[in-house]
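Heads up, the thing below is written out as structure tokens.
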Amino acid sequence: MTEAIARLGRFGIDSVRHLGRASLLLVQVLASMGEVLRRPRLLLEQLFSVGVLTVLIIAVSGLFVGMVLSLQGYYILSQFAAEATLGVMVAASLVRELGPVVTALLFAGRAGSALTAEIGLMKATEQLSGLEMMAVNPVRRVLTPRFLAGFISMPLLAALFSALGVLGGWFVGVGLLGVDDGAWWGQMQARIDWNEDLMNGVIKSLVFGFTCVWIAIFQGYNSVPTSAGVSGATTRTVVHSSLAVLALDFALTALMFD
Amino acid sequence: MSRRESKSTEASRQRAVQLSAGGQNDAPGQGTASLVRIRDLYFSRGERKIFSGLNIEIPRGRITAIMGPSGTGKTTLLKLIGGQLRPDQGTVEVDGLDVHQLNMKELYRLRMRMGMLFQSGALLTDLNVFENVAFPLREHTRLNEALLRKLVLLKLEAVGLRGARKLMPSELSGGMARRVALARAIALDPMMIMYDEPFTGQDPISMGVLVKLIRQLNDAAGLTSIVVSHDVEETSAIADLLYVISDGRVVESGDPRSLRESGSEWTRQFMHGLPDGPVPFHYPAPPLQADLFGEPA
Amino acid sequence: MKHVKQTEILVGVFMAIGLLALFFLAMKVSNLGTINTGESYRVTARFDNIGSLKAKAPVTMAGVEIGRVVGIGFDKERFQAVVDMDVYANYDQIPEDTYAKILTAGLLGEQYIGLDPGGSDVVLKDGSEIEITQSALVLEEIIGQFIFSKAQGGEK
């Protein structure tokens, strides 16, 4: 019994300590932001590995999610003879929820884990230590460009996901199931508000992007420099990011669309 | 080439004077014979005490070796000198500056004048050999591409790897990686280089190459070298001064020959690699008989 | 250097695709593209019942969107709904005796205003009122009427 309570206490203390360390790291990262913006080359390299390499999985997933949404939506809506609103349903689900959330989950799995593993291995092979001894601040040189690249990439990837989802849904709904093309786009445009729906989706993906890269670089930077440590950190990145994204999504949705 | 190197060392000396004049420490950096001075150092990791009252002086322009069995915190000592770790007590002075009193900016400026060779080389794996050596120059100077290329090639020539400049770190053998790392460490013409276990896991040939390089760099460029190692043979072959540490303090110091003939039993065991002696063969345990036939603990 | 160039291009393409997707969402999926910032003229119409018509609902003629509902008011004296709509300026040849009705897109869809052109030579201009209107179909009323007529039919 006492052991259980002690364990709970230890867990609490550990969590607070981790949060504290993560916050300190975030402050350092944000403080060195100006430096990185003055050296766009560093950012460019990271945009490549964080953004460009994630495009394919996002594009394919977006397309299929949109197609499935359209297919499922059609069977339900056709029971009410409301197929004309299929476009609205597909677009609203994508722009408001699925775009930002699924992109963030895929991002955590594809880019976040890679970031953690890369930084963790750099730590394990003393590369970060080596940078410090070369009088190069590893936070500024290694972490900040990655953070910024993730933050920039996420909304673009989410937009790509949603856009391809709408096109995939259009292909199934209009192309295969025979929903009227004019109704598809017209109803969609009438019901999706650029400010209320689209911008809120973009804000969501900015928040998710921030959270995901923050977790990824912290787990990498804080990992135990052994192979087991790095693999554990990589797993934690994916798990923590996914949970954080889902919890944040609920909170943000409650705030935005009350 | 040696003229150019000595010239740039001269420049780095002048920088050193400016730095120590601007530093908060009042001890003039140039006048003293010791470049690094460690006084009464205490450091522990969690429960484990690593150093308790360590005193070391490292003279300028010579090769000083710090030796001791594995796990005596030799790498930790280098990290303390480089300001990556903070001692519980005691001071580390480098060139008259108290490393742990410096602010971030001053510490980074000091580190630019220190080179460190990590055991693994610590090369940046996503850059090729050339870019690895060019890295500190790109970070800290605004040299144009042509001059930078010349400098890098000269550094690579010094370690004999000019021809390997296009290779990636994963294509290098352990000894070559260490040589590239050495070229990188001297890229900014530092006043001192710290070698962390430079001979571990090297075949006899690359060991010989490294011994020659360390000696050569030290003498040609007027560097101060600190070698941390447990390889008695090679280390005593190049060191001018040896410190033997154990249990968190210096056991004995002196030039290699005097240590070899040391009266201390411990030092003798270490220097000659005897399996048993003051450092017992057995990890502390109850008597074997009691363990085998007595009550299980 | 060639490698760097390639990275640059790919990152550029990535950014372009992302921004293009965002632009597509804004213009084609959301209403940003249909918010007409150009010239338009204001026309009003009175309805006995507007159902669930809302501001920003489209105003169409022959299925083509030619304007937007901008405001819905209430006439306290005549107990009617007053709907203000902006008709885009390039549709300036709409006869005065045009017939406005409130329609529903699909059974459960959005309600919008459909205009059927009349035959007059006089055209609508800023401030005109559409005189002939038809209210929204309210489902309960239709069902009510249906049951009522059935009941009457049964008595005969």
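Chain letters run A, B, ... following the sequence lines, proteins first, then strands; residues in each count from 1. Treat the numbers as computed from the prediction; the structure is a model and nothing was measured.
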Under 3.5 Å, which donor-acceptor pairs link side chains of residues 132-140 of chain C to any protein atom two or more places apart or in another chain?
unit_1: Thr133(C); atom_1: OG1; unit_2: Arg46(C); atom_2: O; d: 2.7
unit_1: Ser135(C); atom_1: OG; unit_2: Asp48(C); atom_2: N; d: 3.3
unit_1: Ser135(C); atom_1: OG; unit_2: Asn49(C); atom_2: N; d: 3.0

Open item on the list: If you count heavy atoms of other groups shown closer than 6.0 angstrom to CD of Glu129(C), is the number above 12?
Closed with: yes
TODO: Sort Lys28(C) into side chain, backbone, both or neither according to what part of it lies under 4.5 angstrom from a heavy atom of chain A.
DONE: both
- [ ] Using a 4.5 Å cut-off on heavy atoms from C-beta on, say whether the side chain of Gln189(A) contacts that of Val29(C).
- [x] no
TODO: For atom CH2 of Trp185(A), decide whether the heavy atoms of other residues, nucleotides or ligands shown that lie under 6.0 angstrom number more than 12.
DONE: yes
TODO: Using a 4.5 Å cut-off on heavy atoms from C-beta on, say whether the side chain of Leu25(C) contacts that of Trp194(A).
DONE: no
Task: Side-chain heavy atoms of Glu45(A) within contact of Glu8(C), under 4.5 Å - done: no
- [ ] To the nearest 0.5 angstrom, please state how far the CZ atom of Phe24(C) sits from the CG atom of Leu160(A).
- [x] 11.0 Å
TODO: Name the option with the most non-hydrogen atom pairs under 4.5 Å to chain C; the candidates are Ala183(A), Ala91(A), Ser162(A).
DONE: Ser162(A)
Task: Structural part of Leu167(A) lying under 4.5 Å from a heavy atom of chain C - done: side chain
Task: Rounded distance (nearest 0.5 Å) linking atom CG of Leu47(A) with atom CG of Leu10(C) - done: 12.0 Å
Task: Greater than 12 external heavy atoms within 6.0 Å of Tyr41(C)'s OH - done: yes
TODO: Would you indicate whether Phe250(A), at its atom CZ, is surrounded by more than 12 heavy atoms from other residues, nucleotides or ligands within a distance under 6.0 Å?
DONE: no
TODO: Give a yes or no on this: more than 12 heavy atoms of other residues, nucleotides or ligands lie within 6.0 Å of atom CG of Asp121(C).
DONE: no
TODO: Report the distance from atom CD of Glu196(A) to atom OG of Ser30(C), rounding to the nearest 0.5 Å.
DONE: 11.5 Å
Open item on the list: Does any backbone or side-chain atom of Ile152(A) lie under 4.5 Å from a heavy atom of chain C? Answer side chain, backbone, both or neither.
Closed with: side chain
Task: Nearest non-hydrogen partners of Leu22(C) and Ala159(A), listed with the distance - done: CD1-CB, 3.4 Å
Open item on the list: Within this structure, what is the CD1-CG distance for the pair Ile17(C) and Leu157(A), rounded to the nearest 0.5 Å?
Closed with: 10.5 Å
Open item on the list: If I measure from the heavy atoms of chain C, does Ser153(A) come under 4.5 Å with its side chain, its backbone, both, or neither?
Closed with: both
Task: Part of Val95(A) lying under 4.5 Å from any heavy atom of chain C - done: side chain
TODO: Check each atom of Val202(A) against the heavy atoms of chain C and say whether the ones under 4.5 Å are side chain, backbone, both or neither.
DONE: side chain
Task: Leu44(A) portion near chain C, given a 4.5 angstrom heavy-atom threshold - done: both
